[in-house]
Amino acid sequence: MLAPALLKRRALELGRHHWLFLVVFVAGLGLRAAAWLAYPPALLYGDSFRYLDNVGTHNPTGLHPIGYDLFVLEPVLAVGGLGLVSFLQHVVGLGCGLALYALARRLGVRRNWLAALAAAPVLLDAYEVQIEQMIMSDVWFQVILVAVLWLLLGTKRGGQPPVWATAVAGVLFGVAVIFRMVALPLALPAVVFLLIAGGVWRRWGTWAAWRTILVRVATLLLPFALVVVGYGAYYASWSGHFALSPSTGNVLYARGAVVADCQNLELAERLRPACPDEPLDERMGSDRYAHIGADDEWRAQWPEGTNIVRIQQDFGKEVIRQQPFDVAVAIMTDFLKGFRGWRVDTPGDVSVERWHFQSTYQFYNHEEKSREYALRYSGEEPESRPTLGTALRWYQLFGGFTPGNVLGVALLLALAAGLGVTRRARASGLRSAMLLPAGMALVSLGGAAAFEFSWRYQLPGITLLPLAGVLALTALLRHRKRRDADPVGVPAPDGGPMDGAGQRHSGGNGRVGPAAGDGNGVGKGNGVGNGAAHGDGAVSGNGHREPAHGSTGEAAAESPDDETGRGEVPAETGPERG
């Protein structure tokens, strides 16, 4: 056990090096404590009742997948009430902020203010804190996203994650689908990441490269497919047919109904009643059309026994087929709404007021039901503490949120630096690392926009985009040492030279200086000493890199973090120095 004096010294060192993050973290802790005390036992939204009704049943044919009620609500409610659920959600929200900060530091973000920026939105955004107080699945979806980032980026060795981490990430991508269907395409940016991580893409013309790529991708996608197919089979055991969700018809109809030009659409007679009566410029929002199937008067337009879900699905497909441009414009418009500076409504949007703190407990037009469920699961009725609620509301409305245009700038920076717009970015070793969260954000936010716009669906952006932007700024601001600044080379951190593949060897006491590959298998450098480092091209004791040994005959003079394709070894490595 460490002596008290040593513990104190280490705590002081920790505070001195990470004081800015600690300030942000404590502020986030205070916000969550205020929210938890202001609205006990938890806030109950309309979806909350569906989740709670499915506890112990886990019927997958409902509006929501079963991940939240299966993995969170059932085990937690077995030992506590709704207050314990909201408490744990605040804890994991803080954990996400801590994990994002630690990951930024591990990936080479040495500026404290930049690393703190990666975590600040999750820790300080009032919309994040409000949703954590709700009985909703959103925060757990964010936890999965952060865990996947750590597995694929935080465990990298030699420029790529180990097999076990990739396999676990595949499982988590599948679990994410069981929490939120929007996660289904999230594995795509992870596949792209695996294609470029470590620079393997530079050797696509070789069988060895393709073998590496296929192993990586299979390690991710096979566990993912097993989880998703298993869930589909479970769904089939309830419904009689393989599927993941019954909401496809709702989503397609909602998207199509907003833009459908009913006068000019060619529709089958059975689909004609599905076209909204309102003129195009007076259409309701997607949220209203998505739930219109529960309206008995609307359903009465078809004979009893008609498959309304199939009607909605076929109608939506027809609108997409005949008006693809209008649908695409509507989706792009909703996607861009999330990057506005202020959180405001436009006609047809789900009101942002749903996600605002209120001075008193917000019942969402379900006061009687909220009281009933709070008593059933917690033994207490919902309460509020107006002083805390008012303070939280003022904080939220007057700056306590992440401006969308800041997230937009982070996304653009990540895409620009990830695509290598500057030499520093190309030599940073962070390009694949920043493209992964940026790609996951694009897929997540784009998938949500394909259904409808809601500020609630923007929460994955405040988890993923700040980290991507911080890595981009680090890559763009990183200073490269002059090649002739140290004529005797740069010593390897562990006393051994670093080889062409970024591996350190203890044999020899030489030091390896900067090396540049000419792309033809020969690199030249100024390393001295009697040690030899062997990688894709061998570095001899006299500082010359010999042609590579192997089937390709190429020398890639690369470090694990050199994704430039130019054969340069950066003066600073990225993740491996984290």
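Within the cation-pi definition used here (under 6.0 Å to the ring centroid, within 45° of the axis), Arg354 does not qualify as a partner of Tyr45.
A salt bridge does not link Asp53 with Arg50: every distance from a Lys NZ or Arg NE/NH1/NH2 to an Asp or Glu carboxylate oxygen is 4.0 Å or more. Of the charged side-chain nitrogens involved, at least one lies within less than 4.0 Å of a carboxylate oxygen, so that Arg393 and Glu353 count as a salt-bridged pair. With salt bridges taken as basic N to acidic carboxylate O contacts below 4.0 Å, none links Arg283 and Asp277. Ionic pairing of Arg255 and Asp334 is present here: one or more N-O contacts between side-chain nitrogen and carboxylate oxygen are shorter than 4.0 angstrom.
Using the six-membered ring where Trp is involved, Tyr457 and Phe451 have ring planes that are tilted, between 30° and 60° apart. Between Phe339 and Phe335, the ring-plane angle classifies as perpendicular under the 30° and 60° cut-offs. By the 30° and 60° cut-offs, the orientation of the rings of Trp394 relative to Phe398 is parallel. Between Tyr68 and Phe179, the ring planes lie tilted relative to each other; the angle falls in the 30° to 60° range. Between Tyr234 and Tyr231, the ring-plane angle classifies as tilted under the 30° and 60° cut-offs.
Leu411 places a side-chain heavy atom less than 4.5 Å from the side chain of Leu442.
Just one residue in the list His17, Arg105, His18 forms a side chain to side chain donor-acceptor pair (under 3.5 Å) with Asn112, and that residue is Arg105.
Residue Glu128 comes nearest to Val139 through the heavy atom pair OE2-CG2, 4.0 Å, listed as atom of the first residue, atom of the second, then distance. In plain terms, the two heavy atoms of Arg340 and Thr346 that are nearest each other are NH1-CG2, 3.1 Å. Minimum heavy-atom separation, Leu94 to Phe25: O-CE1, 3.8 Å. Of all non-hydrogen atoms in Pro437 and Leu153, the two that sit nearest each other are CD-CD1, 4.5 Å. Scanning both residues, Pro460 and Leu145, for their nearest heavy atoms gives CB-CD1, 4.0 Å. In terms of heavy atoms, Phe357 sits closest to Gly389 at CB-O, 4.5 Å.
Checking Asn59 against Thr57 by side-chain atom types alone, no donor-acceptor pair falls below 3.5 Å. Inspection of the Asn250 and His291 side chains reveals no N or O donor paired with an N or O acceptor under 3.5 Å. At a cut-off of 3.5 Å, with distance as the only test, no side-chain donor of Ser239 or Thr61 sits close to an acceptor on the other residue. A donor and an acceptor atom, one from each side chain of Trp36 and Glu132, are nowhere located under 3.5 Å apart. A donor atom on one side chain and an acceptor atom on the other are not found under 3.5 Å apart for Tyr373 and His366. When only modelled atom types and interatomic distance are considered, Gln396 and His356 share no side-chain donor-acceptor pair under 3.5 Å.
Under a 3.5 Å cut-off, the side chain of Trp140 and the backbone N or O of Phe71 do not form any donor-acceptor pair. A donor-acceptor pair is defined here as one N or O able to donate and one able to accept, closer than 3.5 Å; no such pair exists between the side chain of Arg385 and the backbone of Tyr39. Looking at Asp345, its side chain does come within 3.5 Å of a backbone N or O of Val352 through a donor-acceptor pair. Listed for the Tyr289 side chain is a donor-acceptor partner under 3.5 Å among the backbone atoms of Met284. Without hydrogens or angle criteria, Asp287 side chain to Val350 main chain gives no donor-acceptor distance under 3.5 Å. A donor-acceptor pair under 3.5 Å links the side-chain atoms of Ser454 to the main chain of Arg456, judged by distance alone.
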### Message
Evaluate Trp113 against Leu20 for side chain to side chain contact (heavy atoms under 4.5 Å, CB included), listing each step before the verdict.
### Response
CA-CA 7 Å; Trp113 64 274; Leu20 183 57; 3.7 Å; yes

### Task
Report the C-alpha separation of Phe49 and Tyr51 in whole Å, then their side-chain angles, then the decisive distance to 0.1 Å, and conclude whether the ring pair (Phe, Tyr, Trp, His ring centres under 6.0 Å) test is met.
CA-CA 5 Å; Phe49 306 117; Tyr51 288 123; over 10 Å; no

### Task
Applying side chain to side chain contact (heavy atoms under 4.5 Å, CB included), run through Val470 and Leu473 and close with a yes or a no.
CA-CA 5 Å; Val470 162; Leu473 284 174; 5.7 Å; no

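Heavy atoms of other residues, nucleotides or ligands lying less than 6.0 angstrom from CG of Asp295 number more than 12. Taking a 6.0 Å sphere around CZ of Phe87, one finds it holds 12 or fewer heavy atoms contributed by other residues, nucleotides or ligands.
Separation of atoms CD1 (Ile178) and OG (Ser245) is listed at 12.5 Å; rounding is to 0.5 Å.
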